[in-house]
Participant: 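Handing you a structure now.
Keep in mind that what you see is a predicted model, and the values were worked out from it rather than measured. Read the numbers this way: they start at 1 and go in the same order the structure lists the ligands and their atoms.
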Amino acid sequence: MWGIIATWRMALEGVSESASALAGGSAATASVVDAVVAVEDFPLYKSVGYGGLPTENGEVELDAAWMDGDTLAFGAVGNLVDIANPVKVAQALGRQRYNSLLVGQGAREWALSQGFAEKKMLTERAMQHYRKRCRETLDKGLSPYDGHDTVGVIALDQRGSMSVATSTSGLFMKKRGRVGDSPIIGSGFYCDSQIGAATATGVGEDLMKGCTSYEIVRRMEQGMTPQQAADSVVYELEDKLMSRFGRAGDLSVVCMNRKGEFGAATNIKTFSFVVATASQPLTVFRAERVKEKTHYQPVDDAWMQAYADRIRAPIEE
Ligand code: ASP
């Protein structure tokens, strides 16, 4: 058996490559990194890596993580500036005994000391989005934080090893130094090859309140299917946030168990994810909630075309 699942349509190209590699016997640990690198490098994906949207100061600060489900080793970076592939830095940190999570200047210095490539990550297109959002926030009172997405990829390889990786520019217009759930173990990601793995996307401040990814893996360990674990964690967290905190942000997750069975849950209108396993051909699914359950179906050609048009559309400043 082998399998791979990832958050959002943007993961499709990377997942497609990694699915072929996994089918050919590649390791999960490398497959998740390769799939994430493809998203980080693509300039039109505005919430991850190169082309990612900036903080309120107009700087791109990137968060990423990697975890090896065999050893439970993990590495993560927060607020990394102008390094080409944050997920590769996270993976390298995961091979160290200490200093698994580095942020800001320290993360950048370490990455440079290890020979990671410098790259200006702010694109002109991201700056256009930024200027537009500044105006909308002032003129129309729109929330500056709308518009974000994290890529999270889980893989299971033919040896039964599992791995997970995440990468994001975080919430658009976030404060300088803000770290979301994506580089936080147990919240944005968790992986144990003897059970399964989960990864999250949405409002990090709320996902962290539920230690969301760890909780999904824990429920799979207790015998829930991935779908049951995903649904129950997302909707219970949403209920809890509504009753105790007064509001709940976007919460979306994907997960997979050691048998390659997968699940996805969301509390937003449309959450897309990509999956391929030995028995499930590569598919982009569109998930939506129906009461306390998530239903999903493959997207159609019109949906794919609308997506392609949207990410290329000119930005009216
Ligand atoms: N979870 C990310 C963060 O809070 C953003 C996202 O997934 O949309 O930084």
Participant: Which ligand 1 atoms does Thr201 reach within 4.0 Å, using its non-hydrogen atoms?
Facilitator: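 Numbered from 1, ligand 1 contributes 6 (C), 7 (O), 8 (O).
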Participant: Quick one: does Gly202 get an N or O within less than 3.5 Å of an N or O on ligand 1?
Facilitator: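 It does: an N or O of Gly202 is found under 3.5 Å from an N or O of ligand 1.
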Participant: Under 30°, 30 to 60°, or over 60°: which ring-plane class applies to Trp303 and Tyr307, parallel, tilted or perpendicular?
Facilitator: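 Rings of Trp303 and Tyr307: parallel, as their planes differ by under 30°.
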Participant: For Lys174, state whether at least one heavy atom is located under 4.0 Å from any atom of ligand 1.
Facilitator: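 So Lys174 does not count as touching ligand 1.
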Participant: Identify the heavy atoms of Asp41 and Lys119 that sit nearest to each other, and give their distance.
Facilitator: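 Answer, listing the atom of Asp41 first, then Lys119: OD1-NZ, 4.3 Å.
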Participant: May I ask you to identify the nearest protein heavy atom to atom 8 (O) of ligand 1, giving residue, atom name and distance to one decimal place in Å?
Facilitator: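 Atom 8 (O) of ligand 1 sits closest to the protein heavy atom His148 ND1, 2.5 Å.
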Participant: May I ask you to list the atoms of ligand 1 that are less than 4.0 angstrom from any heavy atom of Gly170?
Facilitator: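 Matching atoms, with element in brackets: 9 (O).
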Participant: Using distance alone, determine whether Gly204 and ligand 1 share an N or O pair under 3.5 Å.
Facilitator: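 Yes: some nitrogen or oxygen of Gly204 is under 3.5 Å from one in ligand 1.
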Participant: Answer yes or no: is there a side-chain heavy-atom contact under 4.5 Å between Ser187 and Thr212?
Facilitator: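 They are not in side-chain contact.
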Participant: Flag the pair Tyr45 / Trp8 as yes when their ring centroid distance falls below 6.0 Å, and as no otherwise.
Facilitator: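 Judged by ring-centre distance (under 6.0 Å), Tyr45 and Trp8 do not meet the cut-off.
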Participant: Which residue supplies the protein heavy atom nearest to atom 9 (O) of ligand 1, what is that atom called, and how far is it?
Facilitator: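 Answer for atom 9 (O) of ligand 1: Arg178 NH1, 2.7 Å.
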Participant: Which residue is it: Thr266, Thr294, Thr225? I am looking for the one with a side chain to side chain donor-acceptor pair (under 3.5 Å) to Asp231.
Facilitator: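 The single option meeting the side chain to side chain donor-acceptor pair (under 3.5 Å) with Asp231 is Thr294.
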Participant: Numbering the atoms of ligand 1 from 1, which are under 4.0 Å from a heavy atom of Asp181?
Facilitator: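 Near Asp181, the atoms of ligand 1 are 1 (N), 2 (C), 3 (C), 4 (O).
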Participant: Enumerate the atoms of ligand 1 whose separation from the nearest heavy atom of Ser182 is less than 4.0 angstrom.
Facilitator: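 This gives 1 (N), 2 (C) as the contact atoms.
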Participant: Start with the C-alpha distance between Ser193 and Asp70, add both sets of side-chain angles, then the distance that settles side chain to side chain donor-acceptor pair (under 3.5 Å), and finish with yes or no.
Facilitator: CA-CA 5 Å; Ser193 301; Asp70 286 356; 2.6 Å; yes
Participant: For ligand 1, is there an N or O atom under 3.5 Å from any N or O atom of Asp149?
Facilitator: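 It does: an N or O of Asp149 is found under 3.5 Å from an N or O of ligand 1.
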Participant: According to the interplanar angle, ranging from 0 to 90°, do the rings of Tyr296 and Phe262 count as parallel (below 30°), tilted (30 to 60°) or perpendicular (above 60°)?
Facilitator: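 Aromatic pair Tyr296/Phe262 classed tilted.
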